[in-house]
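Below you'll find the structure, written out as structure tokens, and then a few comments.
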Amino acid sequence: MVECLLNKAMTPLEKTKTIRAKKGQQPISALTAYDYPTARLLDEAGTDILLVGDSLGMVVLGYPDTTHVTLEHIIHHSAAVARGAKNALIVSDLPINTYDTPEQALASSRRLIEAGGQAVKLEGGLNQIGKVKAITEAGIPFMGHLGMLPQRVKEEGGYKKKGKSDSEVEALIESALALQEAGAFSIVLESVIPEASRQLTAALDIPTIGIGCGEKTCDGEIAVITDVIGSYPWFVPPFATQRANVAADITKAVKGYLDSL
Ligand code: KIV
């Protein structure tokens with residue numbers, strides 16, 4: 001059982017400090033959330049971090065990938081999540097093309113914070129450090145994202161595992177250390193092979209939060225909520241553990257309703 005040590009009296013900065021202090025002590029729990037009722041349920045269940053991820057492009061808005069998500073989408077959903085969550089730290093994703101310069105990264109981050117986000121996340125490492133510093137120097141808590149970067153799926157030609165060669169691992173570690181130095185309070189690792197995830201986790205003072213990186217290779221785990229509850233049956237990543245079948249329950253309930261008319 002993972003214990004949530006956050007509470008609503010804490011400032012966002014205090015929440016990030018509490019999350020950082022869990023490294024090496026207790027696993028950090030994180031889930032995506034996009035709406036009020038789900039955010040409220042996940043918060044009441046004791047989740048540390050709720051990510052208003054740009055995965056909402058696929059699992060909520062029906063786009064083929066995250067490159068269609070706009071700042072307005074994340075603003076709208078961050079506000080809904082903020083109405084539902086009290087204790088968890090709310091992290092809002094910066095969508096593609098909303099952080100092309102340090103000035104734009106800061107302006108977009110400020111809008112997400114005004115909407116109810118308490119921290120922001122963007123994809124990339126060494127190439128993004130100027131933008132990350134603009135965000136952290138303005139006092140906005142920042143979460144990094146390394147490994148497979150979904151906003152680059154078109155350039156990469158698919159979702160590929162990262163950290164397979166020594167040179168890739170070295171580059172990942174260099175980026176992770178640069179993000180830490182720039183003030184990130186944690187880093188999401190996506191689809192990094194287990195051995196490389198362990199090396200990154202050991203190299204950093206800040207927590208790593210893994211998705212598709214193997215079991216217990218990072219300081220915490222993040223999952224897309226629809227994968228956990230089984231409400232998006234049309235695509236389930238191979239690494240996901242489905243713990244409910246909400247799609248089947250909805251179909252059954254609606255058929256029962258239709259039959260009753
Ligand atoms: O958008 C998202 O859901 C994410 C997670 C995969 C980490 O960035």
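In listed order, ligands and their atoms are each counted from 1. Worth knowing before you read on, the calculation uses all heavy atoms, side chains too, and leaves out hydrogens, waters and symmetry mates. Note that the structure is predicted; figures quoted are calculated from it, not measured.
Close contacts of ligand 1 with T32, meaning ligand atoms under 4.0 Å from a residue heavy atom, involve 3 (O). Within the listing of ligand 1, atoms 2 (C), 4 (C), 5 (C), 7 (C), 8 (O) sit less than 4.0 angstrom from a heavy atom of L51. Contact atoms of ligand 1 toward H145: 8 (O) (distance under 4.0 Å to a heavy atom of the residue).
No more than 12 heavy atoms of other residues, nucleotides or ligands shown are found within 6.0 angstrom of CZ on R40. Residue H76 places its NE2 atom among 12 or fewer non-hydrogen atoms of other residues, nucleotides or ligands, all under 6.0 Å distant. Within a 6.0 Å radius of NZ in K161, more than 12 heavy atoms belonging to other residues, nucleotides or ligands are found.
Between D93 and K121 there is a salt bridge, with a side-chain nitrogen of the basic residue lying less than 4.0 Å from a carboxylate oxygen of the acidic one.
Residue S55 has at least one nitrogen or oxygen atom sitting less than 3.5 Å from a nitrogen or oxygen atom of ligand 1, judged on distance alone. Considering both main-chain and side-chain atoms, Y34 never comes within under 3.5 Å of ligand 1 through any nitrogen or oxygen pair. Taking only nitrogen or oxygen atoms, main chain and side chain alike, E190 does not reach within less than 3.5 Å of ligand 1.
By the criterion of a heavy-atom distance under 4.0 Å, neither the backbone nor the side chain of T66 is placed next to ligand 1.
Residue Q151 is tested with T66, D54, T67 for a side chain to side chain donor-acceptor pair (under 3.5 Å); the sole match is D54.
In this structure, the protein non-hydrogen atom closest to atom 8 (O) of ligand 1 is K121 NZ, 2.9 Å.
In this structure, V236 is not a member of the same hydrophobic cluster as I229, with clusters built from ILVMFWY side-chain heavy atoms closer than 4.5 Å.
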